[in-house]
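Ligands are counted one by one from 1 in listed order, and the atoms in each one are counted from 1 as well. In this text, all values refer to a predicted model and were calculated from it rather than measured experimentally.
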Amino acid sequence: MAGEPQDDCLFCKIVAGQVPATIVRETDTTVAFRDINPQAPTHVLVIPKAHHKDAAALAAAAPELAADVLRETQAVADEDKLDSYRIVFNTGSGAGQTVWHAHAHVLGGRGLEWPPG
Ligand code: 5GP
Ligand code: ZN
């Protein structure tokens, strides 16, 4: 069921503390942790604690939770003192999504090209 923890989901395991992560922020509804393979000096993933497979499913099923995730991206940027940063939600395998638990990438701390690759 949407929102329920999934046994085979890496990010549900991070939420449950079963897989270690460098957690930078936690709220009642979200966790933010550093990406294991950073693409920029700041590369933090902000996830809802509840399992939704991607950003679109999250926004459709739980719009307030989607807003919590977005709000936390700004909090992460503030914590790393970024005045410019990029928020990325890879959605679908063709766009590079590899973990099927909605997550926002917060990238910053270097120049970011536009358009992205
Ligand atoms: P996606 O490709 O789905 O948009 O993003 C998944 C991200 O999760 C990738 O940037 C990848 O480096 C990161 N990732 C994969 N496994 C782990 C892990 O075990 N711990 C952490 N902190 N990040 C991970
Ligand atoms: Zn999950």
### Query
Looking at CD of Gln97 and NE2 of His103, how far apart are the two atoms once the value is rounded to the nearest 0.5 Å?
5.5 Å
### Query
Would you say Gln97 has any N or O atom under 3.5 Å from an N or O of ligand 1, going by distance alone?
no
### Query
Starting from atom 19 (O) of ligand 1, which protein heavy atom do you reach first, and at what distance in Å?
Leu10 CD2, 3.7 Å
### Query
Taking only heavy atoms of Gly96, which atoms of ligand 1 are found under 4.0 Å from at least one of them?
1 (P), 2 (O), 4 (O)
### Query
Are the side chain of Glu113 and the backbone of Gly111 linked by a donor-acceptor contact shorter than 3.5 Å?
no
### Query
Which residue owns the protein heavy atom closest to atom 10 (O) of ligand 1, what's the atom, and how far is it?
Asp35 OD2, 2.5 Å
### Task
Only pairs at least two apart or in different chains count here, so list each side-chain hydrogen bond (donor to acceptor under 3.5 Å, both in side chains) that has a residue in residues 65-76.
Arg25-Glu72, Thr29-Asp68, Asp68-Arg71, Gln74-Asp78, Gln74-Tyr85
### Task
Let me know which of Leu45, Leu58, Ile47 forms a side chain to side chain contact (heavy atoms under 4.5 Å, CB included) with His101.
Ile47
### Task
Compare all side-chain heavy atoms of Leu107 with those of Asp35 and state whether any distance is below 4.5 angstrom.
no
### Summary
heavy-atom search around atom 22 (N) of ligand 1 in the protein gives Arg34 O, 2.9 Å
### Task
Using heavy-atom distances, let me know which of Val88, Val19, Ile36, Ile14 sits nearest atom 14 (N) of ligand 1.
Ile36
### Query
Are the side chain of Lys49 and the backbone of Thr27 linked by a donor-acceptor contact shorter than 3.5 Å?
yes
### Message
Which of the numbered atoms in ligand 1 are under 4.0 angstrom from any heavy atom belonging to Phe11?
### Response
8 (O)
### Task
Report the protein N/O/S neighbours of the Zn ion (ligand 2) that fall below 2.8 Å; do not count waters.
Cys9 SG, Cys12 SG, His51 ND1, His101 ND1
### Query
Using the ring of each side chain (for Trp, its six-membered ring), is His105 parallel, tilted or perpendicular to His43, with breaks at 30° and 60°?
tilted
### Task
For ligand 1, note which part of Leu45 has a heavy atom under 4.0 Å away: side chain, backbone, both or neither.
side chain
#### Entry: Whether over 12 other heavy atoms sit under 6.0 Å from Glu64 CD
no
## Note on the structure
Shortest non-hydrogen pair, Val46 vs Ala32, comes out as CG2-CB, 4.0 Å
### Message
To the closest 0.5 Å, what do you measure between CG (Leu82) and CZ (Arg110)?
### Response
12.0 Å
### Task
State whether the shortest distance between N or O atoms of His43 and N or O atoms of ligand 1 falls below 3.5 angstrom.
no
### Task
Decide yes or no for Phe33 and Pro20: does some side-chain heavy atom of the first lie under 4.5 Å from some side-chain heavy atom of the second?
no
### Message
Quick test: of every protein heavy atom, which one is nearest to atom 3 (O) of ligand 1, and how far off is it to 0.1 Å?
### Response
Thr98 N, 2.7 Å
## Note on the structure
In ligand 1, the atoms that come under 4.0 Å of a heavy atom of His103 are 1 (P), 3 (O), 4 (O), 5 (O), 6 (C)
#### Entry: Close approach, Gln39 and ligand 1, non-hydrogen under 4.0 angstrom
no
#### Entry: Sub-4.0 Å atoms of ligand 1 with respect to non-hydrogen atoms of Asn37
12 (O)
### Message
For the NZ atom of Lys13 and the CD atom of Gln6, what is their distance to the nearest 0.5 Å?
### Response
11.5 Å
